[in-house]
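These notes are about the structure you will find just below.
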Amino acid sequence: MSEYTPIFFIKSIMSDKILITFPDGTSKEFDKGISAFRIAESISSGLAEAALAAEVNGFVKDLESSINSDSVINFLKFDDEKGKEVYWHSTSHLMAHAIQEIYPEAKFGVGPAIENGFYYDIDINTGLTEESLKAIEDKMIELSKKNNSFIRQDLSKDSAVKFFENKGDNYKVEILSGINENSEQVSIYKEGDFTDLCRGPHLPSTGKIKFIKLLNISGSYWRGDENNKQLQRIYGISFPKKKMLDEFLQRLEEAKKRDHRKLGKELELFLITQAVGSGLPIWLPKGTILRETLENYLREEQRKRGYEPVITPHIGNINLYKTSGHYPYYKDSQFPPIKLEGDKEEYLLKPMNCPHHFQIYLSKPRSYRDLPIRYAEFGTVYRYEQSGELNGLTRVRSFSVDDSHMFVREDQLKDEVCKVIELIQVVFGQMGFKEFTTQLSFRDNNAEKYGGDIKLWERAQREIREAADLMKLTYHVAEGEAAFYGPKIDFMVKDALGRKWQLGTVQIDYIMPERFNLEYTGSDGQKHRPVVIHRAPFGSLERFIGVLIEHYAGEFPLWLAPVQVAVIPVSQNFAEYGKNVFDKLKDAGIRAEFDERNEKIGYKIRDWETKKVKYMLIVGEKEQSAGNISVRKHKLGDMGSLSLSEFIDNIHDEIKNKI
């Protein structure tokens, strides 16, 4: 270029370049309009092959997407959570294509990626079976080998409606009816001769989908409404390597063995019967012991931290929940109101405990010296969950929350939130959950979902983030996941199989103090609003125990175990000595059972092994003569002989230290 080149020409040339910044902080210039795939290819062929999609300025896009301005880019592989989501979402489309090939009359609902795999809701004339799944799997493999590209096409809402009307897919037309094209781009994806409504992104082509397993079929009402048609939902998963699929299937088999519904029945922990109603668990004696042990543990931790216990009724006047906003915000997930005295009074099964706790706070004047006030309750609440969503203890219609509401001054807020986070960390550690992640659940731009002034929301979100930073939590922000009254920190634990469960939560609330006119008199003699902190380390006791059963596979640590010791006489000749051992254990506060069945000793030992009882005390002629016991430990077998007093001392230490 000559030194006399006009300035406007130099600027034109410069504007044809964009600066791309990579995760390691390095940057490089590329031609404007270059695809993400070409950028990956310029780095290495290996990256171009491994990349599934690209995260550009925080948004996940197809690799063929053009980039027209300076951007930060991160290439997503299968090891990345967002990479898996793209992989599994694309596999759900491939499954829909295979279904269309086998069942041309098929109509399609929604087919998202989920935490482990994907599903698609379909409407066909045939009831699907295990054999059907195998046929669909085979067709998917056949289609994947064609390596068809996923091609995105943006179009107007009207054009999309006409396309799916001509196709006869009324579910897609209904989805489109709810889309505002002024705020959301309408797009379809074509893959071979299959076209689906989708915002994407997708894999470059089907050839990247290598190993597939369709897992099961269930019924699902369209849009979760029991008044709509029930569709067939197919769940599946896919991987780029066979070893990954094999390992997943092994974990799946282990998960079936750990299923809390199966173990809950085998270990006699809880019962759900249609005679009482779906989603309404009954706690059996052993399950009640487990539950009360957990409650007592948390009560003691709360006592040490200055919490005061309260108890509130299971129902309340509907106006209480109208004031709080739980009615009508949760109206669709609540049982119908109970009308009394010629419809003059209406009551509601309690959907949340907090409005009741606010009444306790309002029962007398409060001073700044009284705060913080910490009320705690294992309060039972009720939600009308759809029948298709119910699942053992983890999704029920009646559940108890280890609920606490803390009323604090603004200058106390961060310190109290940090103390709650510390309590949750202590609880998780004691329960054996060594890994957990946190999510800051904030509001989105849909103002209709939330109550209160936006300035209060902004302040609450800022302060909850500052508390999380102060406690050095590793977190991500999820917009749109806040409660209607405030932002929250949600804790996701990893169980023994690496599965994630949302359990504990802590929430900051400036809204309810306004609605209920909560006040205290400050040091200046003026009225001020307290801030409310909602917190629940367990979350729901039912859900927590369901997760705990699966985490431990029913083999609870001794301090939690409903039965800690089984006393087993070798024969009826030693039943009296065995009964004496049993009585001494009970007197020592040890949860023991006495097996006086007239069965062979080998059978009884095997039976108690299946019941996952940690210690068995065998008593026969040798033990009776020596005045001691033979100890067996679950899965480890014979541990030798001890005096009963020595065994009791050992077991007391194990229980006290919660080993």
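A quick note: this is a predicted structure, and the numbers were derived from the prediction, not measured.
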*Does the distance from a Lys or Arg side-chain N to an Asp or Glu carboxylate O, for Asp411 and Arg409, drop under 4.0 Å?*
yes
*Does Arg395 come within less than 4.0 Å of Glu385, counting only side-chain N to carboxylate O?*
yes
Will you find, in the side chains of [X] and [Y], an N or O donor that is under 3.5 Å from an N or O acceptor?
X      : Y      : value
Thr21  : Ser27  : yes
Ser187 : Gln185 : no
Asn57  : Ser71  : yes

If we only count heavy atoms from C-beta on, is the [X] to [Y] side-chain gap below 4.5 Å?
X      : Y      : value
Phe248 : Ile237 : yes
Leu197 : Val186 : yes
Cys354 : His534 : yes

Looking at [X] and [Y], what are the two nearest heavy atoms and their distance?
X      : Y      : result
Tyr510 : Leu456 : CD1-O, 3.9 Å
Ile124 : Ala106 : CG2-CB, 3.4 Å
Tyr189 : Arg199 : CE1-C, 4.0 Å

*asked:* I need the single residue from Trp457, Phe484, Phe442 that forms a ring pair (Phe, Tyr, Trp, His ring centres under 6.0 Å) with Tyr450. Which is it?
replied: Trp457
Would you call the rings of [X] and [Y] parallel, tilted or perpendicular if under 30° counts as parallel and over 60° as perpendicular?
X      : Y      : result
Phe433 : His551 : tilted
Trp222 : Tyr171 : perpendicular
His202 : His93  : perpendicular

Okay, side chain of [X], backbone of [Y]: is any donor-acceptor separation there less than 3.5 Å?
X      : Y      : result
Tyr87  : Phe239 : yes
Arg543 : Trp501 : no
Lys157 : Ile179 : yes

*Considering residues at least two apart in sequence or located in another chain, which fulfil the side-chain contact (heavy atoms from CB on, under 4.5 Å) criterion with Asp469?*
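Checked Asp469 against side-chain contact (heavy atoms from CB on, under 4.5 Å); matches are Arg465, Tyr475.
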*For Asn446, what residues pass the side-chain contact (heavy atoms from CB on, under 4.5 Å) criterion, not counting sequence neighbours?*
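Once residues adjacent in sequence are excluded, the partners of Asn446 under the side-chain contact (heavy atoms from CB on, under 4.5 Å) criterion are Asp444, Glu448, Lys449.
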*Start with the C-alpha gap between Asp158 and Ser156, add the side-chain angles, then the distance that decides, and say whether side chain to side chain donor-acceptor pair (under 3.5 Å) holds.*
CA-CA 5 Å; Asp158 287 343; Ser156 69; 5.5 Å; no
_If the test is side chain to side chain donor-acceptor pair (under 3.5 Å), which one of Gln230, Arg233, Gln232 qualifies with Asp121?_
Arg233
*Qualifying residues under salt bridge (charged side-chain N to carboxylate O under 4.0 Å, His left out), relative to Asp80, sequence neighbours excluded*: none
